[in-house]
Amino acid sequence: MESLIGLVNRIQRACTALGDYGGGDNAFSSLWDALPSVAVVGGQSSGKSSVLESIVSRDFLPRGSGIVTRRPLVLQLHKTDDGQQEYAEFGHIPRRRFTDFGMVRKEIADETDRITGKTKQISPVPIHLSIYSPNVVNLTLIDLPGLTKVAVEGQSETIVEDIENMVRTYVGKPNCIILAVSPANQDIATSDAIKLAREVDPTGERTFGVLTKLDLMDKGTNALDVLEGRAYRLQHPWVGIVNRSQADINKNVDMIYARRKEREYFATSPEYGHLASKMGSEYLAKLLSKHLEQFIKARIPSITSLINKSIDELESELDHLGRPIAVDAGAQLYTILELCRAFDKIFKEHLDGGRPGGDRIYGVFDNQLPAALRKLPFDRYLSVQNVRKVVSEADGYQPHLIAPEQGYRRLIEGALNYFRGPAEASVDAVHFVLKELVRKSIGECQELKRFPSLQSTIAAASNEALEKFRDEGRKTVVRLVDMESSYVTVDFFRKLPQEMEIPKGGKPEAAAAVDRYGEAHFRRIGSNVSSYVNMVSDTLRNTLPKAVVYCQVKEAKQSLLNYFYTQIGKKEGKALSELLDEDPALMERRMQCAKRLELYKKARDEIDSVAWVR
């Protein structure tokens, strides 16, 4: 049966494959951050790498001066049955087994250079290495860059702060067990690892202290004060380690032999003999494995809770992003028509008042049109001077006798032509509002946001239809104005007041001759025409909105995409696919969400099954 540690190992590898390796920079709560792990912390040359190799019983880590570990190394150990061949696998090279651990060392160095280049810079992107061996225990260790105090040549000035910040992103998490490695031949009070561990874990609940290089201490000195917890007390016992010497490393001394020498050292040591059963890399590995297993088991409820919360968030996000599009033409056509109907529904809601915007059309009729009618220059047009001019031109060489019929007709026709401007302006204003509502409706249609090409096509088709409706609206309102000017009602002439009164005892011919050229005569004509124009203005104020609504608004509600529907039905599969060409960033986002959702569901099922059995 798979151990909880092995299960966590697999989930961590899957998380890293999705670009989730902790740090809290992901869109969703990081599953990686919730999984318990063991982070190995120490200063440069503290013996950190040697501790890891002792636990693995293999010489596999790059060595050198300065910063050798420049990327976190997530080391996942899997215990196999005795007699089985040891091998290693990298997360970035799946299904390729390394049986030569010299090649493992080279691959770690090459993969580090691939991200950081052949420099001394660091990167937070981890390398995943799994080792399968009968000589290990089930355990996950994260080897972090060694803490340093100064930047050397070739490193950035911020390297000290950068390394510490990277280490803190791991050890600062409450689910991280800290393996603080310190050399025994240095004062524990100056230990970089212990200093950092004390800051992030002041109670020492998560910290395991490891003391290396016990065999290199000055003669007459020992580390009992530290190992027995008197110099610095932790909640967990300190573990002493004796690493291979540099001479042993140069001679390629076998790690199994080195482990045996380490056991002999503690067993025969006069200072540490009484602690021998709780010293050494072999004991350390078993101690960490047992503690990590208990640590994981205690946190299963909180991990499961986080997974369930993340599953809900991911499913909600996928619903928002929309599901993948079918590949056959029939389903694609159906999808396009459904998207068009969704857009059309929102557009109608704007017009009918369910959403804001339609009220602006009412504003055109109730504010803009009346204001434009009031601003028409009838005072200037019906001035005495202009009336005299128009009437005289209409009379020609024969002056009118009583009422200047032709003059009236010309004045009325000229005045009514002024109504064309406000009529056409009303059509254009409503057209602008409808175009704006199309734009807003497309932007508010969540389903359409996935398909920029279809958005553009629907916008173009809608605007093309609105142009046709505007042309028809212009023709109609101009026709209404022309109808008013084409026929002057009989009642108007019947109701014209008597042009003049003949004085008692006077001669009508003399009165006519005087009045026909007088200012009062032309003023009366202008007043009569103004009354008729006002009557027509009131009529048009009521009929023009009806024409605009009938030709533009009603048509937009009923047949905005009719022509588009006709054309889309004729398109072949390739053309339909082009319309459903999603934004690549959105497609990538959906794919990542789907992969993450699959990972979380699988992790939940597996954690549940392992937890129930245990």
Answer whether the closest heavy-atom distance between the side chains of C340 and I458 falls below 4.5 Å.
yes

On a heavy-atom basis, the closest approach of I346 and C445 is CD1-CA, 3.6 Å

Check: L73 main-chain N/O paired with H128 side-chain donor or acceptor under 3.5 Å:
no

Over 12 foreign heavy atoms within 6.0 Å of CD, E315:
yes

I'd like to know if the side chain of E89 reaches the main chain of P94, judged simply by a donor and an acceptor atom lying under 3.5 Å from each other, with no hydrogens or angles considered.
no

Is V51 close to N243 at the side-chain level, that is, under 4.5 Å between some pair of heavy atoms?
yes

Inspect the surroundings of OH in Y334 and state if more than 12 heavy atoms from other residues, nucleotides or ligands are less than 6.0 Å away.
no

By salt bridge (Lys or Arg N to Asp or Glu O under 4.0 Å), which residues pair with D192, not counting sequence neighbours?
K149

By side chain to side chain contact (heavy atoms under 4.5 Å, CB included) - contacts of R168 (at least two apart):
E164, L196, E199, V200

When every non-hydrogen atom of P134 is compared with those of D82, the smallest separation belongs to CB-OD1, 3.7 Å

List in chain and number order the residues that pass salt bridge (Lys or Arg N to Asp or Glu O under 4.0 Å) with E588, two or more places apart in sequence or in another chain; answer none if no residue qualifies.
none

Between atom CG of L454 and atom CD of E447, what is the distance when rounded to the nearest 0.5 Å?
11.5 Å

Could you please spell out the steps behind the side chain to side chain donor-acceptor pair (under 3.5 Å) verdict for T207 and D201?
CA-CA 7 Å; T207 303; D201 180 32; 2.8 Å; yes

From S462 atom OG to L561 atom CG, the distance as rounded to the nearest 0.5 Å:
4.5 Å

Closest non-hydrogen contact found for A459 with I442 is CB-CD1, 3.5 Å

Is the shortest heavy-atom distance from the side chain of L75 to the side chain of L139 under 4.5 Å?
no

Is a side-chain donor or acceptor of D352 paired with a backbone partner of G354 at a separation under 3.5 angstrom?
no

Side chain to side chain donor-acceptor pair (under 3.5 Å) filter on E349, not counting sequence neighbours, yields K345, R355

State whether the side chain of S289 and the backbone N or O of A285 hold a donor-acceptor pair below 3.5 Å, judged by distance alone.
no

Is there a donor-acceptor contact under 3.5 Å from the side chain of T69 to the main chain of G146?
no

Minimum heavy-atom separation for M255 to D59, with atom names?
CG-N, 3.8 Å

Checking R233 now: which residues fulfil salt bridge (Lys or Arg N to Asp or Glu O under 4.0 Å) with it, not counting sequence neighbours?
none

Lys/Arg-Asp/Glu bridge criterion (N-O < 4.0 Å) met for K348, D344
yes

In plain terms, say whether E338 and R341 are close enough for a salt bridge, that is, a side-chain N and a carboxylate O under 4.0 Å apart.
yes

Would you say that L234 contacts F208 through its side chain, given a criterion of any heavy-atom pair below 4.5 Å between the two side chains?
no

Checking K595 against E598 for the salt bridge (charged side-chain N to carboxylate O under 4.0 Å, His left out) test, could you report, in this order, the C-alpha distance in whole Å, the side-chain angles of both residues, the deciding distance, and whether it holds?
CA-CA 5 Å; K595 286 182 178 179; E598 181 183 5; over 6 Å; no

Side chains of H78 and V136, heavy atoms from C-beta outward: is any pair under 4.5 Å?
no

Partners passing side chain to side chain contact (heavy atoms under 4.5 Å, CB included) against S281 (at least two apart in sequence or in another chain)
S54, I241, R259, E262

Taking atom CD1 of I256 and atom CZ of R58, what is their separation to the nearest 0.5 Å?
8.0 Å

Applying side chain to side chain contact (heavy atoms under 4.5 Å, CB included), run through V40 and L144 and close with a yes or a no.
CA-CA 6 Å; V40 185; L144 297 169; over 6 Å; no

Whether the side chain of S559 engages the backbone of N562 through a donor-acceptor N/O pair (distance < 3.5 Å, no angle test) should be reported.
no

Above 12 or not: heavy atoms from other molecules or residues under 6.0 Å from NZ of K440?
yes

Of all residues at least two apart in sequence or in a different chain, which pass the ring-ring contact (aromatic ring centres under 6.0 Å, His included) check with F343?
none

For A603, does its backbone N or O pair with a side-chain atom of D605 as donor and acceptor, under 3.5 Å?
no

Test side chain to side chain contact (heavy atoms under 4.5 Å, CB included) applied to A331 - qualifying residues, sequence neighbours left out
A326, D328

Between Q455 (side chain only) and L448 (backbone N and O only), is there a donor and an acceptor less than 3.5 Å apart?
yes

Does S453 form a side chain to side chain donor-acceptor pair (under 3.5 Å) with E578? I'd like the steps, not just the answer.
CA-CA 7 Å; S453 298; E578 290 174 353; over 6 Å; no

Go through I188 and S182 one step at a time and tell me if the side chain to side chain contact (heavy atoms under 4.5 Å, CB included) criterion holds.
CA-CA 7 Å; I188 196 67; S182 304; 3.9 Å; yes

Any pair counted as salt bridge (Lys or Arg N to Asp or Glu O under 4.0 Å), so long as it reaches residues 39-48, sequence neighbours left out
K48-D143

With the side chain counted from C-beta on, respond yes when P36 and I303 share a heavy-atom pair under 4.5 Å apart, and no when they do not.
yes

Salt bridge (Lys or Arg N to Asp or Glu O under 4.0 Å) partners for R450, two or more places apart
E582

My understanding is that only residues two or more places apart in sequence, or in another chain, count here; which of them pass side chain to side chain contact (heavy atoms under 4.5 Å, CB included) with Y283?
V239, K278, L287

For the backbone of K173 and the side chain of R206, can you confirm whether one donor and one acceptor N or O come within less than 3.5 Å of each other?
yes

Got L337 and Y565 here, is their nearest side-chain heavy-atom distance under 4.5 Å?
yes

Can you list every ring pair (Phe, Tyr, Trp, His ring centres under 6.0 Å) pair that touches residues 97-122, not counting sequence neighbours?
F90-F98

If the test is side chain to side chain donor-acceptor pair (under 3.5 Å), which one of Q121, R71, R70 qualifies with T116?
R70

Distance-only, no hydrogens or angles: does the E53 side chain make a donor-acceptor pair with backbone N or O of L61 under 3.5 Å?
yes

If you measure from the Lys or Arg side-chain nitrogens to the Asp or Glu carboxylate oxygens, is any gap between E111 and R114 under 4.0 Å?
yes

Interatomic distance, L314 atom CG to L599 atom CG [nearest 0.5 angstrom]
9.5 Å

Start with the C-alpha distance between L351 and I361, add both sets of side-chain angles, then the distance that settles side chain to side chain contact (heavy atoms under 4.5 Å, CB included), and finish with yes or no.
CA-CA 9 Å; L351 290 176; I361 295 176; 3.8 Å; yes

If we only count heavy atoms from C-beta on, is the L466 to L560 side-chain gap below 4.5 Å?
yes

